[in-house]
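First the structure, in the form of structure tokens, and then the observations on it.
Here is how names work: the chains are called A, B, and so on, in the same order as the sequence lines, proteins then strands, and each is numbered from 1. Just so you know, these numbers come straight off a predicted model, no measurement behind them.
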Amino acid sequence: MAVRVQAGDFDLGAEVAGLCAGRVDIGAVVTFTGLVRDLDGRLMGFELEHYPAMTERALAGIEAEAQARWPLQASLIVHRYGALAPGDRIMMVATVSAHRADAFEAATFLMDYLKSRAPFWKKETTPGGSAWVDARETDAAALARWSKGS
Amino acid sequence: MAVRVQAGDFDLGAEVAGLCAGRVDIGAVVTFTGLVRDLDGRLMGFELEHYPAMTERALAGIEAEAQARWPLQASLIVHRYGALAPGDRIMMVATVSAHRADAFEAATFLMDYLKSRAPFWKKETTPGGSAWVDARETDAAALARWSKGS
Amino acid sequence: MKLDVLYFAWLRERIGLPRETVETEAATVADLVAELRGREERYALAFSDMAAVRVAVDQDLSDLEASLSGVREIAFFPPMTGG
Amino acid sequence: MKLDVLYFAWLRERIGLPRETVETEAATVADLVAELRGREERYALAFSDMAAVRVAVDQDLSDLEASLSGVREIAFFPPMTGG
């Protein structure tokens, strides 16, 4: 169970290999990787601001919540900050479990929580200037579904 | 969109890097990796038999179904066959999309279909001998939910 | 007609061979299964519980009601356990 | 009491600084916001639409009703857009 916040890039394969190293009780590993996308060819890049004193604490809290809900054998959140260009990796999560349904659900949950509760803000730069990215309403809705009675 | 059936191992990081290379329109990559797990310390390994003439065809059909349901920018299924030991990678899927919900759902769908519709059979060896692994009823249930009206 | 019939996993082991060519006039997969069952004990045993047997017709998943007209290859196997 | 008050993203830009120490007797976050708004136009502007502002109290997400008793650090920022 680990959380890292860093300016530099990460290596998905190495991170997953590290989570599984020396273990034979793992059946399923699910990963999500978020990338800087430029859908209309105008994005020059963005700056990812964060709140250092809170970021790792918030991510660790989200991870602990996932561990309480699903039987995870390991999990990892890596999130970058600073200047990123189109195509760059922004962040990853990985969830490790004996069974695939748990790994898939926990990874989806981590992403939904992280989007709305981890203190990061994106400022995009295009030829027209720089602007803060608005939060998406679908992200708030994605978060809300996890608190429905079940 | 690709399918590979092979005896040898695969490199998750390299596969994902290959799917994303030279593109800036990708927002989300979800991967699933299945590993040989030994929950009770008795598994010596298993032999994964398949039906060569049908395997790639079945996997390509499952992948085409996922592409018809979700706006995927790329996808990949790699499945191994032959002798595997505890901790070994068995297979992976990757789904690539502009948005995370599509990538997560499509990867879950690929796994549910693959479990019940790709012609692979596992024969486990323990100190007590060898035995064919029974299909899990939960896998049939996981497949059935995708055909509910929605 | 001549059909290639393939067996996988425990069906292969019970019948004792991975594939054979069968000369048959069976109209459907179910007819073929009935014909094979009548041949020898090992076939009767392999096909004793058809709920545990899946079939592919020319490499596509199918069922016992499928017609054999124009078909080249039939495969019998247990429920899949890949992934 | 003395409070460290932090601003992020467009709140930081509108107010023109990333953090400041504030001497206040405000009982709740809402009281503090009212006090800051009364200071200068740039604060009034930054806090003009509180539906677009989130708050963390000592590095935990919180809300306007939260008490400031014993608190060391308050942060104001827009809805998060990480991931």
Side-chain angles (χ1 to χ4, degrees), chain A residues 3 5 32-37 46-62 65 77-82 84 89-93 107-124 129-140 142-143, chain D residues 1-22 24 28-29 32-33 36 42-83:
Chain A
V3 162
V5 182
F32 175 90
T33 306
L35 301 145
V36 181
R37 76 169 176 275
F46 63 57
E47 183 73 25
L48 197 44
E49 181 172 338
H50 77 125
Y51 176 5
M54 178 176 168
T55 312
E56 292 205 16
R57 179 188 173 90
L59 294 176
I62 292 165
E65 178 78 22
I77 304 175
V78 180
H79 207 302
R80 299 177 67 187
Y81 59 86
L84 296 170
R89 282 175 280 269
I90 306 168
M91 49 77 62
M92 66 164 285
V93 305
T108 307
F109 171 92
L110 284 178
M111 286 307 305
D112 287 347
Y113 260 65
L114 192 154
K115 282 267 175 186
S116 296
R117 301 182 72 93
F120 290 94
W121 302 275
K122 290 179 184 133
K123 189 175 195 178
E124 290 186 345
S130 291
W132 293 98
V133 173
D134 283 328
R136 295 166 60 208
E137 289 193 17
T138 52
D139 285 330
L143 179 61
Chain D
M1 71 189 152
K2 272 192 161 64
L3 269 183
D4 285 326
V5 183
L6 282 67
Y7 309 105
F8 293 95
W10 56 255
L11 274 129
R12 173 177 53 71
E13 292 180 340
R14 287 194 194 166
I15 290 169
L17 75 177
R19 67 188 302 153
E20 60 186 319
T21 301
V22 172
T24 180
T28 66
V29 174
L32 175 65
V33 169
L36 292 170
R42 59 196 167 110
Y43 289 95
L45 184 68
F47 291 116
S48 61
D49 176 14
M50 290 307 291
V53 176
R54 300 288 176 271
V55 60
V57 173
D58 284 340
Q59 293 107 41
D60 276 326
L61 274 183
S62 188
D63 55 51
L64 292 174
E65 280 66 52
S67 162
L68 295 184
S69 169
V71 166
R72 303 286 305 272
E73 183 173 301
I74 297 286
F76 293 104
F77 41 78
M80 286 88 140
T81 54

Can you tell which part of A:Ala53 gets under 4.5 Å to a heavy atom of chain D, answering side chain, backbone, both or neither? both
When only pairs under 4.5 Å are counted, which of A:Ala140, A:Gly61, A:Ala58, A:Ala118 shares the most heavy-atom pairs with chain D? A:Ala118
Interchain contact, A:Arg80 with chain D, by part (heavy-atom threshold 4.5 Å): neither
Under the salt bridge (charged side-chain N to carboxylate O under 4.0 Å, His left out) rule, what pairs show up with a residue in residues 74-83 of chain D, not counting sequence neighbours? none
Between D:Ala56, D:Ala9, D:Ala75, D:Pro78, which shows the greatest number of heavy-atom pairs under 4.5 Å with chain A? D:Ala9
On a heavy-atom basis, the closest approach of D:Met80 and A:Met54 is CE-CE, 4.5 Å
Using 30° and 60° as the class boundaries, would you call the ring planes of A:Trp121 and D:Phe77 parallel, tilted or perpendicular? tilted
Looking at side-chain heavy atoms only, is the closest gap between D:Trp10 and A:Lys123 below 4.5 Å? no
Honestly, the part of A:Asp134 sitting under 4.5 Å from a heavy atom of chain D is backbone
Should the heavy atoms of other residues, nucleotides or ligands under 6.0 Å from CZ of A:Arg136 be counted, would the total exceed 12? yes
What are the two closest heavy atoms between A:Tyr51 and D:Leu6, and how far apart are they? CE1-CD2, 3.5 Å
What heavy-atom pair brings A:Val133 and D:Thr81 nearest, and what distance separates the two atoms? O-CG2, 3.4 Å
Go through D:Glu13, D:Glu73, D:Arg54 and name the one with the most non-hydrogen pairs under 4.5 angstrom from chain A. D:Glu13
Taking salt bridge (charged side-chain N to carboxylate O under 4.0 Å, His left out) as the cut-off, I'd like each qualifying pair that reaches into residues 47-59 of chain A, sequence neighbours left out, listed once. A:Glu49-D:Arg12, A:Arg57-D:Asp60
